[in-house]
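Structure first, then comments.
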2 protein chains.
Amino acid sequence: METMGRHVIAELWECDFDKLNDMNYIEQTFVDAALKSGAEIREVAFHKFAPQGVSGVVIISESHLTIHTFPEHGYASIDVYTCGHLDPTIAANYIAAALGAKTRETVEVPRGMGPVKVDPLIPTVTA
Amino acid sequence: METMGRHVIAELWECDFDKLNDMNYIEQTFVDAALKSGAEIREVAFHKFAPQGVSGVVIISESHLTIHTFPEHGYASIDVYTCGHLDPTIAANYIAAALGAKTRETVEVPRGMGPVKVDPLIPTVTA
C-alpha cells in the first residue's frame, strides 16, 4: 500500500450553532462526506460533550476524517486525511457547507513522503 | 471551552514491522500515550487491515490521537491533537519510542486561533 497521502486541515468559523451541537447531524454529515469522496468506511465513533460540543472520527480504508466542535465559538476543527487517489477537498468542502461555515482557513499537508511540508490551500475564504 | 489547541503531526520511519502490524499493541500504546499526557479518553476505535496495517483513533476530551501504519514501509503516520493545557509532544514521543521509530519528522500546527500556521517542531530526528 502506498504511504503517500493528502491531509487537509480546516478551521471552520461562523458555523451554525445548532448544527455544531447536533451529534447525529455531524455523524451523518461525516459519513456522507466520506462516501462522496469515494472512501470505504471502516469505523465510526462520535462523542457528545456536556454542555455542548461534539468530537468524532470516521476511519476509512484511506485514512480518516475527524471533527471537534465548539458551538459557543461557532468553530469546528476538521481534518480530512486521504491516501491513494482520493481528493480530501471534496469531503472538506462538503462538511464546511453542511455546517454553514462562513469563514474557513485551510492548509494541506502531504503525508508519507519524507520531510513534512505544508502547502497553503485556501489561506482564507470568507463567504 | 477554549478553542485553542496544539496539533502535532509526526511521520515515523524505520519502525519495527511487527509492532506496526499488531493492532492490540498499537491500541494499548495509544491508550497509554493518552493517559500519560493527562488526557481523558472518550472513544477508542482501531482497525486491522489485510494483509497488513493498522488504523485507529483515541478520542479524548481534549481532541484526538490517530495512527495509520504501513508495516511494509516501516512507516507510521500519527497525529496528536490536544487542547487545553496538555502537551501533545508527550504522547508523540511515547508512541515514537514504542514503535521503535529510528527516523521522525514532526511539525506542530496551532489550531483554533484563526489563520492556520505551522511551526516546524523537529524537522528531522534520526536516532
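Worth saying up front: this structure is predicted, and the values here are computed from it rather than measured. In what follows, chains carry the letters A, B, and so on, assigned in the order in which the sequence lines appear, proteins first and then strands, with residues in each chain numbered from 1.
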Checklist entry - Is the backbone of Val8(A) close enough, under 3.5 Å, to the side chain of Glu108(A) for a donor and an acceptor to pair up by distance? => result no
Taking side chain as everything from C-beta outward and backbone as N, CA, C, O, which of these in [X] sits under 4.5 Å from a heavy atom of chain A? Side chain, backbone, both or neither.
| X | value |
| --- | --- |
| Tyr81(B) | side chain |
| Ser63(B) | both |
| His68(B) | side chain |

Next on the checklist: How long is the straight-line distance from CD of Glu62(A) back to CZ of Arg42(A), given to the nearest 0.5 Å?
Outcome noted: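 Between Arg42(A) CZ and Glu62(A) CD, I get 8.5 Å after rounding to 0.5 Å.
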Item to check | side-chain contact (heavy atoms from CB on, under 4.5 Å) partners for Thr82(B), two or more places apart | outcome: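 Residues passing side-chain contact (heavy atoms from CB on, under 4.5 Å) with Thr82(B): Arg6(B), Ile60(B), Val80(B), Leu86(B), Pro88(B).
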Item to check | Residues of residues 18-39 of chain B within contact distance of chain A, non-hydrogen under 4.5 Å | outcome: none
Item to check | Within the 6.0 Å centroid threshold, strictly below: Phe49(B) and His47(B) | outcome: yes
Checklist entry - Quick one: what part of Ser77(A) sits under 4.5 Å from any heavy atom of chain B, side chain, backbone, both or neither? => result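 Both parts, backbone and side chain.
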Checklist entry - Does Val57(A) sit in a hydrophobic cluster with other residues, and if so which ones, taking ILVMFWY side chains as linked at heavy-atom separations under 4.5 Å, directly or through other members? => result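 Taking Ile, Leu, Val, Met, Phe, Trp and Tyr as members, Val57(A) shares its hydrophobic cluster with Ile59(A), Val57(B), Ile59(B).
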Item to check | His64(B) and Asp79(B): side chain donor to acceptor below 3.5 Å | outcome: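 Looking only at side-chain atoms, Asp79(B) and His64(B) do not form any donor-acceptor pair under 3.5 Å.
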Item to check | Test item: Arg104(B) and Ile78(B) side chains (from C-beta on) under 4.5 Å apart, heavy atoms | outcome: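 They are not in side-chain contact.
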Next on the checklist: Tyr94(A): which residues meet the ring pair (Phe, Tyr, Trp, His ring centres under 6.0 Å) condition with it, sequence neighbours left out?
Outcome noted: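 Per chain and number, Tyr94(A) pairs via ring pair (Phe, Tyr, Trp, His ring centres under 6.0 Å) with no residue.
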